[in-house]
Asker: 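First the structure, then my questions, so here it is.
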Protein chains: 4
Amino acid sequence: MDHEMKDSETTTTAETPPSSRDQILDAAARIFGAKGYDGTSVRQIAAELGISAPALYHHFLSKEELFCATHERGLRIISALTATAAATMDASDPWDKLEAAAVAHCEALLCTEGYRTIISPQFPDVSDDVRARLVQQRDSYETIIKRLISELNLPAHIDPFIFRMQLLGSLNWTTAWFQADGSLDPTTIARRTVRQLRDGIHPPHASHVPPRQENDHV
Amino acid sequence: MDHEMKDSETTTTAETPPSSRDQILDAAARIFGAKGYDGTSVRQIAAELGISAPALYHHFLSKEELFCATHERGLRIISALTATAAATMDASDPWDKLEAAAVAHCEALLCTEGYRTIISPQFPDVSDDVRARLVQQRDSYETIIKRLISELNLPAHIDPFIFRMQLLGSLNWTTAWFQADGSLDPTTIARRTVRQLRDGIHPPHASHVPPRQENDHV
Amino acid sequence: MDHEMKDSETTTTAETPPSSRDQILDAAARIFGAKGYDGTSVRQIAAELGISAPALYHHFLSKEELFCATHERGLRIISALTATAAATMDASDPWDKLEAAAVAHCEALLCTEGYRTIISPQFPDVSDDVRARLVQQRDSYETIIKRLISELNLPAHIDPFIFRMQLLGSLNWTTAWFQADGSLDPTTIARRTVRQLRDGIHPPHASHVPPRQENDHV
Amino acid sequence: MDHEMKDSETTTTAETPPSSRDQILDAAARIFGAKGYDGTSVRQIAAELGISAPALYHHFLSKEELFCATHERGLRIISALTATAAATMDASDPWDKLEAAAVAHCEALLCTEGYRTIISPQFPDVSDDVRARLVQQRDSYETIIKRLISELNLPAHIDPFIFRMQLLGSLNWTTAWFQADGSLDPTTIARRTVRQLRDGIHPPHASHVPPRQENDHV
DNA sequence: AATGAATGAGGTTTCATTCAT
DNA sequence: CATGAATGAAACCTCATTCAT
């Protein structure tokens, strides 16, 4: 179909090869994200790129490998955005840093067209080898969140693992219901999610320090 | 050929024969749940049942219809468990009722072998007709949760819709990480999820009433 | 679907068995005629009758046999109509008799809803046994036409076999283009067909005797 | 992937390679012609070609499209032969031209092994889109015949439409009874068919002009 | 690096038919 | 007689993948 729009527009400087790896991954993310691993055919991805299916095999050994690379790129992007957002809040309140990270995570999920549903509660039915790499990629990303949470110095009665799962669960599930109709933007969603986990139904404070426990219910 | 059936008959009196249809749905739930819609073949489901693939078409018009029926049954089961659990807490604190419902929801998700990942953030790529029915089924279930939440009389600064999404997101995402190794049981997960949403990092109360705040416009 | 409209309305007197053989054949003719042998499933025929597919096997050994019986009934009906029409013109001009027969044939083809495309230039891919019977049925019918033609005392330069094939070809092919919109009725079609074969582009005569040959081109 | 091709290239210069596409269409015509659309499986066609069934889908999007292309090629061949034959009789008697065209039509039908029963009184049960294209193809061919007939200047009492249908019906129905046993060759059949339509049972003339009649409004 | 052609495996679905009830 | 359930065969078609060009 559109054989002619191959190169340009992705990289910056000059002598970029025509169909770059990142372009392929972006297209793959778009379709994998929209239809899932099993619902996506390599031909669809090739068609989206305007190349033939076998051409993909010059870049990736198999569909599994392509998915793995897409997944990796997706998480790498989110990681970068999240870490950067948290770092910008440097030296401030750790809750602010977590909130900034959550906003970045949520925006990456809901705004970038492609990399949203790569994040799925269920890995596709791939070989053990590839699955292990997917798990590792996800874990690698979660380390960032884990570190931010550890800096919160959560009170002892809060299990940081469950806390992290609740945060990620709430954020990741937004892909199930988010509508880009302006009624509710990713930033608001992410902020409220973090604050809900911090304050519950208590009203937020000016200072984010939770009320001291001894006078808690006076 | 009961391609269309209404409700009831799930837990009627007692020694109903396995009804064949329910057997099929249970097997379908098991495999759809494990591999997703696109990753599941009707042959696999038939094999699980020890029948031939065309035999399935005696009971369901198509794979889509089979999935739809499975989804419906899954949500019906969860609905029944959830509603029953909440009703058992009759006349008590509405937070207790919500907690009981969450526990039931989480147990249904993580313990019943089959119906867990029918619940997915993404509907499969089915016809518009079937998709509409899936949406309706999900909405019908969420109505139960919605009602329980409305009874909480949440303070005005909490958006009940986001609150519901956070609850369901946290609970549903458990399928992504839950390991049935005894370290963390569904009941604990569900309880902590509800309490986190209620108290944040504040310590729990004997009475569930949150401490009054000067700007809490009661 | 319409399980309840089974009996009545076909036969005249009284104690007719519920689903009669002729009713089945009429339904079969309708669908075979509309979709061809291969395009018709026994279930479609059963559905048209409001019975189950296996029920058909109580009346007919196989789909082939059902088709054969339908074909036979179709030809029998046309034979009867044709012979009767010709006999009504008893003792008159043999061309009138042929014309009457052609009209009957054409009406049977184009007006009876069912038995039209049973008449096809190609027999379906059935067993040799059944095919032989189909051929025999067709031949049996054509005998009637053959006899009517032999009574014409065609001039020697006309091959009666080709003449017959032209007549039947013209008439049978009407199913390919006939539109029941009133612009052209079966009677007219049949009459003109016969007259064309008799007169060519010469104008018809008051008496049907062709012009004598010696003054033919004076 | 030339799923769409226009015209020409059928008989261009000379040593064109068999073009693969035409080879497929010839095989398809052979089998479609012998068993009908519904009676033919793509596997049979592929087997005839010595390739696998999916390989066909490299050249044609579906069985319907394959049939449509076959039908088109068949009519294109017959059109070419017919038009050529009529043109060869250039400037002569229009009846001679029609006769030449009929002979070509009949030979194409009965001699070319494949493209005979593509011509059927009944279109197969295909999608509306494809059916429309089949109708258009047939109409396109009939235009040639229509033009030849209009040049006959038929007397007013002959309806040229019915005349055309009778001619085509007679010729096309030959596939139902023709036996290649030498007793009757396509040329003879076609010639007699045209002459019968012209002269009826009158003897043929040296000049083809019919005897003038008093009410023949010339 | 890229493609057109091809393929084996397997997808969903329909078919004619059988059989216990 | 009639049916619901079942089945083996086969239908059309898509898939990921390979390979000569």
Asker: Rounding to a whole Å, what distance do you find between L49(C):CG and dA2(F):P?
Answerer: 11 Å

Asker: Just how far, in rounded Å, is P of dG11(E) from CZ of F32(B)?
Answerer: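 From F32(B) CZ to dG11(E) P: 13 Å.
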
Asker: Taking pairing as Watson-Crick or G-U wobble with both contacts under 3.5 Å, can you name the mate of dT14(F), or confirm there isn't one?
Answerer: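 dA9(E) is the nucleotide pairing with dT14(F).
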
Asker: Over how many whole Å does the gap from Q44(D) atom CD to dA9(F) atom C1' extend?
Answerer: 14 Å

Asker: Rounded to whole Å, please give me the gap between CZ in R21(D) and C1' in dG4(E).
Answerer: 16 Å

Asker: Around D129(A), counting heavy atoms of other residues, nucleotides and ligands shown, do more than 12 lie under 6.0 Å from its CG?
Answerer: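 Yes, the 6.0 Å shell around CG holds more than 12 heavy atoms from other groups.
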
Asker: In whole Å, I'd like the distance from the CG atom of D38(B) to the P atom of dT14(F).
Answerer: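 In whole Å, dT14(F) P and D38(B) CG are 15 Å from each other.
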
Asker: To the nearest Å, give me how far apart NZ (K63(C)) and P (dC15(E)) are.
Answerer: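 It works out to 9 Å between those atoms.
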
Asker: Might you list the N or O atoms of the protein lying below 3.5 Å from N or O atoms in nucleotides 6-8 of chain F, with each pair's distance?
Answerer:
| from | atom 1 | to | atom 2 | distance (Å) |
| --- | --- | --- | --- | --- |
| dA6(F) | OP2 | H59(B) | NE2 | 2.9 |
| dA6(F) | N7 | H58(B) | NE2 | 3.3 |
| dT7(F) | OP2 | S52(B) | N | 2.9 |
| dT7(F) | OP2 | S52(B) | OG | 2.7 |

Asker: Please give the nucleotide sitting opposite dA1(E) as a Watson-Crick or G-U wobble pair, both distances under 3.5 Å, or none.
Answerer: none

Asker: Answer whether the closest heavy-atom distance between the side chains of K63(B) and L56(B) falls below 4.5 Å.
Answerer: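 No, every pair of side-chain atoms sits at 4.5 Å or beyond.
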
Asker: Just the rounded figure in Å: distance from C1' of dG4(E) to CZ of F60(D).
Answerer: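 Interatomic distance, CZ of F60(D) to C1' of dG4(E): 15 Å.
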
Asker: Rounded to whole Å, how long is the line connecting atom CD1 of I45(C) with atom C1' of dC15(E)?
Answerer: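 So the CD1-C1' distance, I45(C) to dC15(E), works out to 13 Å.
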
Asker: Which label fits F32(C) and F67(C): parallel for a plane angle under 30°, tilted from 30 to 60°, or perpendicular past 60°?
Answerer: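 If you compare the ring of F32(C) with that of F67(C), the planes turn out perpendicular.
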
Asker: Given E65(D) and R133(D), is the side-chain contact (heavy atoms from CB on, under 4.5 Å) satisfied, shown in steps?
Answerer: CA-CA 10 Å; E65(D) 291 290 338; R133(D) 282 152 64 196; 2.9 Å; yes

Asker: Is there side-chain contact between F60(B) and L25(B), with heavy atoms separated by less than 4.5 Å?
Answerer: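 Sidechains of L25(B) and F60(B): in contact.
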
Asker: Going by purine N1 to pyrimidine N3 plus the second Watson-Crick contact, or the G-U wobble pair, all under 3.5 Å, which nucleotide sits opposite dC19(E)?
Answerer: dG4(F)

Asker: Quick one, E64(A) and S127(A) - any side-chain contact, counting heavy atoms below 4.5 Å?
Answerer: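 Yes; the side chains approach each other to less than 4.5 Å.
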
